[in-house]
Every structure is written in structure tokens, then in C-alpha cells.
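In what follows, every heavy atom counts, from backbone to side chain, and hydrogens, waters and symmetry copies are set aside. If you read the sequence from its start, that first residue is 1, and numbering goes on from there.
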Amino acid sequence: MTSFVTGPVRVTVPATSANLGPGFDSMGLALDLRDELEAEVVGDGVEVLVEGAGAEGVPRDATHLVVRAMQVAFDAMGVSPPGLRLHCRNVIPHARGLGSSSAAIVAGVTLGRALVAGGALLLDDDRVLDLCAGLEGHPDNVAPAQLGGFVVAGRDDDGGFYAVPCPVDPRVGAVVMVPPTPVSTEQARGLLPATVPHADAAADAGRAALLVAALAGQPEHLLRATRDYLHQDYRRPAMPESLALVDRLRADGVAAVVSGAGPTVLAFCDGPATALTASLLERCPAGWWASYLALDTAGVRVL
């Protein structure tokens with residue numbers, strides 16, 4: 001008979017940046033900005049405590065995304081806890097293109113597995129990816145949140161998902177510039193056309209392939225490799241200030257992109273204490289928040 005572990009379980013999960021320019025719905029990078037969550041099986045009911053980023057806009061009951069993700073894991077393992085207590089300490093900004101929903105999903109499935117004695121035997125990492133990507137709808141954020149690092153991910157013809165970690169040159173870091181106004185993923189996706197010209201698709205495929213090589217050890221090619229043809233310009237009406245900043249940075253030779261569905265701008269740089277990083281932080285628009293973020297290599301962790 002399956003039993004639950006005694007006492008709370010804590011996990012920490014990183015922010016992520018998907019797309020990275022040409023890798024639409026297929027590439028993502030984990031960043032060193034982490035939410036921390038704690039969950040415990042209790043006698044009955046669902047108690048949710050949230051503090052930090054986005055706390056004012058999320059439910060405090062079983063409809064909370066982390067609780068729903070936990071329930072998906074429990075269902076997959078064939079167990080049903082009598083009650084749950086969840087405490088979220090959020091740092092990742094919500095609705096800014098830094099993977100807050102994917103972090104919640106990955107944390108929830110991981111918490112659910114960790115709360116079940118022998119959960120790792122009932123739910124392996126491949127199944128965790130399938131559950132998380134199924135909840136999110138695509139794997140480009142959940143894969144790096146789960147695995148860490150730079151990940152190429154997608155959906156197989158049979159409906160399953162795959163995720164392949166790729167190397168990243170240790171010189172590569174990122175500055176994120178986060179505007180105060182959110183943009184929903186649904187709004188950003190709603191601006192995309194149903195079809196794109198064949199020439200644009202071919203050009204984007206070439207840049208995506210180059211991006212893998214550039215991140216792996218040839219960062220001098222990042223500016224060319226981050227040129228996008230499929231989604232950023234179509235989304236300009238939803239985030240004109242972000243795309244204007246991307247345009248200015250790229251005109252100055254900086255490999256800048258919209259992070260995920262936006263509106264955060266991510267600019268690749270060469271470390272935490274360099275002239276380029278300092279200049280990027282200085283160029284953050286007034287009222288925005290900016291930070292250097294290293295690549296996160298660990299992914300979700302049970303503490």
C-alpha cells in the first residue's frame with residue numbers, strides 16, 4: 001500500500017527563458033532566479049500560503065496551479081492524499097516571460113512525487129516531463145525548469161515530449177530587463193499568424209541551429225544566432241517598448257531577444273562583472289527592473 005512521507009517537503013525551481021529568438025516553442029534556458037516551495041500532506045482540506053511575486057493574483061485553494069500540478073502527479077501514481085498544506089515563496093515575476101507558470105508546474109509535480117514514499121519509482125523523470133509539458137501545453141519552459149541548463153525540447157509525432165540538454169559555454173550569462181506591466185501568454189500567442197512564409201521558416205531554422213553552436217562554445221555568433229523570423233515582430237503591438245529596446249540593443253551589437261512570450265528583454269552577456277554587463281544594466285529603462293542572471297545548471301531540486 002502506498003504511503004506518504006512524514007513532514008514537509010521543500011523544493012526550489014529556477015526561472016526560465018524560452019525561445020531565445022529563433023527557438024520558438026523548442027528552446028529554453030534555466031536562469032539563477034528561484035522560487036522555493038514547501039508542501040505537506042495533512043488530515044484534510046487544502047491550505048495555500050503565497051508570498052512574494054504574484055502573491056496578490058493567485059488563488060488560495062485547490063485551483064492554485066501548484067496544487068493542480070501536485071494532483072496530476074498524485075493521479076499518475078494512483079494515490080490520493082487526505083489534505084495538503086502548501087507554502088510558496090515566489091521570486092520569479094509573473095506574466096513577464098520568465099517561466100513562472102512552468103516553475104509552478106514543475107515544482108508541483110516534483111512535490112507530489114516527493115510526498116509519496118517511493119514516488120521516484122512510480123514516476124520517473126521522463127514521465128515527469130510528460131506530465132509537466134502536458135499541463136503547460138509545450139515543453140520549452142518546463143524542460144529547463146526540470147533539468148537545468150540549455151534544453152532543446154519538443155513534441156513527438158505520437159504526442160509525447162522529448163528534452164535534450166545541450167552544453168553552454170561558461171562565459172555565457174544574461175541580463176534580464178523586466179518591465180512593470182505584464183503581458184499574458186494568451187495575448188502574445190493570439191498575435192501570431194496561422195502560417196509564415198517558407199523563406200522565413202527556413203531562415204529561422206538556420207538561426208536556431210546556429211544558436212545551439214553559439215551557446216555551446218562560440219558566443220561570438222550569438223548576435224546572428226538570435227535573429228528571429230517567426231514570432232517577435234508579430235508580437236510588437238502587445239509590447240512595443242520591449243521590442244524597441246531589443247531593436248536598440250541589437251543595433252549596437254548586443255544579442256538581445258524577447259524572453260518567452262515577453263515582455264521581459266533578455267540580453268546575452270559575458271559574465272557578472274564585465275563592461276558589457278555593466279553597460280546593459282545601465283541601459284535598463286526607467287521603472288523597469290534589471291539583473292544579471294547566471295545560467296542555472298541544476299533545475300528543480302528537492303531540498
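At a threshold of 4.5 Å between non-hydrogen side-chain atoms, the residues Leu84 and Phe74 count as touching. For the pair Glu136 and Ser101, the minimum side-chain heavy-atom distance is below 4.5 Å. The shortest distance between side-chain heavy atoms of Val67 and Val46 falls below 4.5 Å. Asn90 has its side chain out of reach of Glu51: every pair of non-hydrogen atoms, C-beta onward, lies at least 4.5 Å apart. By the 4.5 Å heavy-atom criterion applied to side chains, Trp288 and Pro263 are not counted as neighbours. For the pair Arg89 and Asp35, the minimum side-chain heavy-atom distance is 4.5 Å or more. Val176 has its side chain within reach of Leu98: a pair of non-hydrogen atoms, C-beta onward, lies under 4.5 Å apart. Counting heavy atoms from C-beta on, the side chains of Leu243 and Val258 come closer than 4.5 Å.
Side chain of Asp169 to main chain of Arg171: a donor-acceptor pair is present (N/O by atom type, distance under 3.5 Å, no hydrogens or angles). At least one donor-acceptor pair under 3.5 Å links the side chain of Thr226 to the backbone N or O of Leu223. Looking at Ser102, its side chain never comes within 3.5 Å of a backbone N or O of Gly99 through a donor-acceptor pair. Remark: side-chain polar atoms of Arg155 are not paired, donor with acceptor, to backbone N or O of Phe161 under 3.5 angstrom. The closest donor-acceptor contact from the side chain of His64 to the backbone of Leu49 lies at 3.5 Å or more, if one exists at all. Without hydrogens or angle criteria, Asp156 side chain to Asp158 main chain gives no donor-acceptor distance under 3.5 Å. Checked by atom type and distance alone, the side chain of Thr277 never pairs as donor or acceptor with a backbone atom of Ala273 at under 3.5 Å. Panel note: side chain Arg96, backbone Pro179; a donor-acceptor pair is recorded below 3.5 Å.
Contact detail for Arg60 and Val50: the closest heavy-atom pair is NH2-O, 3.7 Å. Heavy atoms only, all atoms of each residue included: Arg235 and Ala188 are closest at NE-O, 3.2 Å. Across Ala114 and Val9, no two heavy atoms sit closer than the pair CB-CG1, 3.6 Å. The shortest heavy-atom contact between Gln187 and Val183 is OE1-CG1, 3.8 Å. When all heavy atoms of Tyr229 and Asp204 are compared, the closest pair comes out as N-OD1, 2.9 Å. Heavy-atom minimum distance, Phe268 versus Val172: CD2-CG1, 3.7 Å.
Note: Leu135 CG to Leu65 CG = 7.0 Å, rounded to the nearest 0.5 Å. Once rounded to the nearest 0.5 Å, the distance linking OH of Tyr234 with CG of Leu192 reads 8.5 Å. Annotation: the span from Leu276 atom CG to Asp270 atom CG amounts to 5.0 Å, rounded to 0.5 Å. The distance from atom CG of Asp200 to atom CG of Asp233, rounded to the nearest 0.5 Å, is 9.5 Å. With rounding to the nearest 0.5 angstrom, the CD atom of Glu40 is 8.5 Å from the CG atom of Leu115. Here the OG-NE2 distance, from Ser100 to His94, works out to 4.5 Å after rounding to the nearest 0.5 Å.
Remark: Arg113 pairs with Asp125 by the side chain to side chain donor-acceptor pair (under 3.5 Å) rule, at least two apart or across chains. Phe4 meets the ring-ring contact (aromatic ring centres under 6.0 Å, His included) test with no other residue; sequence neighbours excluded. Partners of Asp252 under the salt bridge (charged side-chain N to carboxylate O under 4.0 Å, His left out) rule, at least two apart in sequence or in another chain, are Arg283. Residues satisfying the salt bridge (charged side-chain N to carboxylate O under 4.0 Å, His left out) test with Asp25, not counting sequence neighbours, are Arg189. The salt bridge (charged side-chain N to carboxylate O under 4.0 Å, His left out) search around Asp126 returns none, not counting sequence neighbours.
Side-chain atoms of Arg85 and His87 form no donor-acceptor pair, as typed in the model, at a separation below 3.5 Å. When only modelled atom types and interatomic distance are considered, Asp140 and Ser26 share no side-chain donor-acceptor pair under 3.5 Å. Between the side chains of Thr12 and Glu36, no donor N or O sits under 3.5 Å from an acceptor N or O.
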List the atom pairs, with distances to 0.1 Å, where a side-chain N or O of residues 292-300 and a protein N or O form a donor-acceptor pair under 3.5 Å, not counting sequence neighbours.
{"unit_1": "Asp296", "atom_1": "OD1", "unit_2": "Arg34", "atom_2": "NH2", "d": "3.1"}
{"unit_1": "Asp296", "atom_1": "OD1", "unit_2": "Ala298", "atom_2": "N", "d": "3.1"}
{"unit_1": "Asp296", "atom_1": "OD1", "unit_2": "Gly299", "atom_2": "N", "d": "2.9"}
{"unit_1": "Asp296", "atom_1": "OD2", "unit_2": "Arg34", "atom_2": "NE", "d": "3.0"}
{"unit_1": "Asp296", "atom_1": "OD2", "unit_2": "Arg34", "atom_2": "NH2", "d": "2.9"}

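Met70 and Val42 are members of different hydrophobic clusters when ILVMFWY side chains are connected at heavy-atom separations under 4.5 Å. Under a hydrophobic-cluster definition in which Ile, Leu, Val, Met, Phe, Trp and Tyr are linked whenever side-chain heavy atoms come within less than 4.5 Å, directly or via other members, Val116 and Val5 are assigned to the same cluster. Follow the hydrophobic side-chain contacts under 4.5 Å out from Phe150 and you reach Val257 in the same cluster. Under a hydrophobic-cluster definition in which Ile, Leu, Val, Met, Phe, Trp and Tyr are linked whenever side-chain heavy atoms come within less than 4.5 Å, directly or via other members, Val72 and Val58 are assigned to the same cluster. Under the 4.5 Å side-chain heavy-atom criterion for grouping Ile, Leu, Val, Met, Phe, Trp and Tyr, Leu20 is connected to Ile92 within one hydrophobic cluster.
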For this session: Could you please spell out the steps behind the side chain to side chain contact (heavy atoms under 4.5 Å, CB included) verdict for Thr110 and Val302?
Result: CA-CA 8 Å; Thr110 303; Val302 178; 3.8 Å; yes
Exercise. What's the verdict on side chain to side chain contact (heavy atoms under 4.5 Å, CB included) for Val106 and Val11, showing C-alpha distance, side-chain angles and the deciding distance?
Worked result: CA-CA 10 Å; Val106 171; Val11 303; over 6 Å; no
For this session: Apply side chain to side chain contact (heavy atoms under 4.5 Å, CB included) to the pair Leu111 and Leu37, showing each step before the final yes or no.
Result: CA-CA 8 Å; Leu111 281 169; Leu37 305 90; 4.0 Å; yes
For this session: Decide yes or no on side chain to side chain contact (heavy atoms under 4.5 Å, CB included) for Leu266 and Leu31, but give the supporting numbers first.
Result: CA-CA 11 Å; Leu266 180 144; Leu31 300 170; 4.1 Å; yes
For this session: Mind running side-chain hydrogen bond (donor to acceptor under 3.5 Å, both in side chains) on Ser259 and Ser17 for me, showing each step along the way?
Result: CA-CA 5 Å; Ser259 180; Ser17 180; 2.8 Å; yes
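Comment: Asp247 engages Arg236 in a salt bridge, judged by a side-chain N to carboxylate O separation of less than 4.0 angstrom.
Partner Met27 forms a side-chain contact (heavy atoms from CB on, under 4.5 Å) with one of Leu211, Leu215, Val151 and no other, that one being Leu211.
Under a cut-off of 6.0 angstrom, the local environment of CG in Asp44 is sparse, with at most 12 non-hydrogen atoms contributed by other residues, nucleotides or ligands. Remark: Gln218 CD is packed, more than 12 non-hydrogen atoms of other residues, nucleotides or ligands lying under 6.0 Å away.
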